[in-house]
Amino acid sequence: MKLPIVAVIGRPNVGKSTFVNRLAGDQQAIVHDEPGITRDRTYRPSFWRDRDFQIVDTGGLVFDDDTEFLPMIRQQAMAALVEAVAAIFVVDGQFGLMDGDREIAEWLRRQSVPVLLAVNKCESVEQGLAQAAEFWELGLGEPYPISAIHGSGTGELLDELVTHLPSTDQLVEDNEIKVAIIGRPNVGKSSLLNALTGEERSIVSPVSGTTRDAIDMIVQRGEQTYRLIDTAGIRRKKNVDYGAEFFSINRAFKAIRRSDVVLFVIDVLDGVTEQDLKLAGRIIDEGRAVILIINKWDAIEKETGTINQYKKEILSRLYFMEWAEMIFVSAMTGQRVNKILDLVDVAAESHRRRVSTSVINEVLEEAVGWHSPPTNRQGKQGRIYYGTQVSAQPPTIALFVNEPKRFNDNYRRYIDRQFRDQLGFTGTPVKLIWRGKKMRELERGANKATKVK
């Protein structure tokens, strides 16, 4: 469903991310005692009573300082308000009313969305009303004393929020494709996201580590909805300090897990590094569909056959991803970026596809007819009885055989290629489970024992 968006706005360190974690019911947003941890806007699902919505965390707003990332953070907050149906302005009840709060309030009064005022860090119920009282001065209506850490007061705030949200039966169903953008630091992930969406959705900077959170962007193309997830660059474990970067990398790994398709971004100038190989292994372990995005192609001097030469070099390192589509792009110039979502559509369809047992066994029959299973030194030959697809995302096919050990790696790769060639599993791993006769007999025995009980 395309959920309504609620933006969370406020100064740095007033507890916005803690509040978002409270509403989302988990700990995805990074909470760390350092100003500027949340820089991009992050989308999280939430609900209250009978209403579903997305809560959007934004960076701390400062209007009188243009150093470092602050102007870009303001840009992200403004973009969040444009797509929001309501905003929650979070202030700090312990510090009291600040000049920065007044500046933000003045700005919010000029916006077209309704604004609710949440006075955070009011851990004491008795003192909370007194702490909140001075914020009436902002002219944004009733200030709600809350504690994001303990959850007190949030119910009253959310009761008011739902009056501004559409009911669930008014929401439209859509078939969303989740796309995670993964890669090492500074390979151009945020630039790619901006090129795909046509707006400054992520802060783009040459400083390594700009993107801290895994951030979501909803993109509509025709009738298809895409959730694009930008992530922090993933470095070697020994180079990662505990703190904000440690949590960012965990978010990136979670982004892989919750995606349908991974855009695996590789810097063509660096080639496939050891860290890229480890990331590729992680993506395959999670069973995600993959598109290899070879970025910064504009920086390469080209001759006839240059692209084929680079493709060969990349696949010599990523040979275990030879089934993935590869595209050479420039996120900076936009070269071929418009073709990426077409590849995403194909990979997502393959990743979700289910094939009937009869079709799978037709493929097996033809494959065995062209190339019989190997025979071991004792003259015993492998035999495939039948196959069936047991799950999708990724497509997983169980092959029932007389003895799995009789099928060497070469023959297993051959069967994998036959399924891909005949069934068109493009851009997705295909998992083959080789199940022996003894295993099947044990399973039947277990089933009989269960029935006797």
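Sequence positions, counted from 1, serve as the residue numbers for this chain.
To the nearest 0.5 angstrom, I433 atom CD1 is 10.0 Å from I397 atom CD1. Remark: I256 CD1 to K178 NZ distance equals 15.5 Å, nearest 0.5 Å. Between atom CD1 of residue I294 and atom CZ of residue F328 there is a gap of 5.5 Å, rounded to the nearest 0.5 Å. I146 contributes atom CD1, which lies 8.5 Å from atom CG of L158 (distance to the nearest 0.5 angstrom). The distance from the CD1 atom of I182 to the CZ atom of R282 is 10.0 Å, given to the nearest 0.5 Å. Between atom CD1 of residue I415 and atom CZ of residue R412 there is a gap of 10.5 Å, rounded to the nearest 0.5 Å.
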Side chain to side chain contact (heavy atoms under 4.5 Å, CB included) between Q389 and I360, intermediate numbers included: CA-CA 8 Å; Q389 184 171 351; I360 286 174; 3.7 Å; yes
V344 vs L341, side chain to side chain contact (heavy atoms under 4.5 Å, CB included): CA-CA, chis, key distance, verdict: CA-CA 5 Å; V344 167; L341 291 182; 4.3 Å; yes
Chi angles and distances behind the side chain to side chain contact (heavy atoms under 4.5 Å, CB included) call for V90, V8: CA-CA 7 Å; V90 181; V8 176; 3.7 Å; yes
Chi angles and distances behind the side chain to side chain contact (heavy atoms under 4.5 Å, CB included) call for F264, D276: CA-CA 9 Å; F264 185 17; D276 288 324; 4.1 Å; yes
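A donor-acceptor pair under 3.5 Å is formed between the side chain of N120 and the backbone N or O of A148. Formation of a donor-acceptor pair under 3.5 Å by the S259 side chain with backbone atoms of V262 is not found in this model. Between the side chain of H351 and the backbone N or O of G287 there is at least one donor-acceptor pair closer than 3.5 Å. Using a distance-only test at 3.5 Å, with no hydrogens or angles considered, a donor-acceptor pair links the side chain of R51 to the main chain of V162. Listed for the N361 side chain is a donor-acceptor partner under 3.5 Å among the backbone atoms of G387. For the pair Y414 (side chain) and D409 (backbone), a donor-acceptor distance under 3.5 Å is absent. Between the side chain of S17 and the backbone N or O of G15 there is no donor-acceptor pair closer than 3.5 Å.
The closest side-chain heavy-atom distance from I293 to V329 is below 4.5 Å. Side-chain contact between R406 and T375 is absent, with no heavy atoms from C-beta onward closer than 4.5 Å. Counting heavy atoms from C-beta on, the side chains of F89 and L108 come closer than 4.5 Å. Between W323 and V430 there is no side-chain heavy-atom pair separated by less than 4.5 Å. A 4.5 Å side-chain heavy-atom check between L157 and F19 finds at least one atom pair inside the cut-off. Inter-residue side-chain proximity for V261 and I291 is flagged as met; some heavy-atom pair is nearer than 4.5 Å. Counting only heavy atoms from C-beta outward, the side chains of V368 and P373 approach each other to under 4.5 Å. Side-chain contact check for M326 versus I314: some heavy-atom pair is nearer than 4.5 Å.
Proximity of the aromatic rings of Y411 and H371 is defined here by a centroid distance below 6.0 angstrom, and this criterion is met. Aromatic rings from Y385 and F400 are positioned such that their centres are separated by 6.0 Å or more. Centroid-to-centroid, the aromatic rings of F53 and W48 stay 6.0 Å apart or farther.
Side-chain atoms of Q220 and T225 include a donor-acceptor pair closer than 3.5 Å. In this model, a donor atom of one side chain and an acceptor atom of the other lie less than 3.5 Å apart for R184 and T273. Between the side chains of T428 and S350, no donor N or O sits under 3.5 Å from an acceptor N or O.
When all heavy atoms of F320 and A280 are compared, the pair lying nearest together is CE1-CB, 3.7 Å. Between L23 and S46, the closest heavy-atom pair is O-OG, 2.6 Å. Among all heavy-atom pairs drawn from F407 and R383, the shortest one is CZ-N, 3.3 Å. Listed here is the closest heavy atom pair of L192 and I340: CD1-CD1, 3.7 Å. Considering every non-hydrogen atom in both S191 and M332, the closest pair reads OG-SD, 4.0 Å. Residue N186 comes nearest to K296 through the heavy atom pair O-NZ, 2.9 Å, listed as atom of the first residue, atom of the second, then distance.
A salt bridge links E274 with R317: at least one charged nitrogen is closer than 4.0 Å to a carboxylate oxygen. Using a 4.0 Å cut-off between charged nitrogen and carboxylate oxygen, K189 and D267 do not count as a salt-bridge pair. Ion pairing of K311 with E313 is absent here, as no side-chain N (NZ or NE/NH1/NH2) approaches a carboxylate O to less than 4.0 Å. Note on R420 versus D416: salt bridge recorded, some NZ/NE/NH1/NH2 to OD/OE distance being below 4.0 Å. Salt-bridge formation is not detected for the pair D260/R288: no Lys NZ or Arg NE/NH1/NH2 atom is positioned less than 4.0 Å from an Asp or Glu carboxylate oxygen.
The 12-atom threshold is not exceeded at CZ of F47, counting heavy atoms of other residues, nucleotides or ligands nearer than 6.0 Å. Sparse packing is recorded around CD of E365, with 12 or fewer heavy atoms of other residues, nucleotides or ligands lying under 6.0 Å away.
Shown are K339, R221, R352; of these, the salt bridge (Lys or Arg N to Asp or Glu O under 4.0 Å) with D345 is made only by R221.
Cation-pi geometry between K405 and W434 is not met at under 6.0 angstrom from the ring centre and within 45 degrees of the axis. Both tests hold for R353 against F425: distance to the six-membered ring centre under 6.0 Å, angle to the ring axis within 45°.
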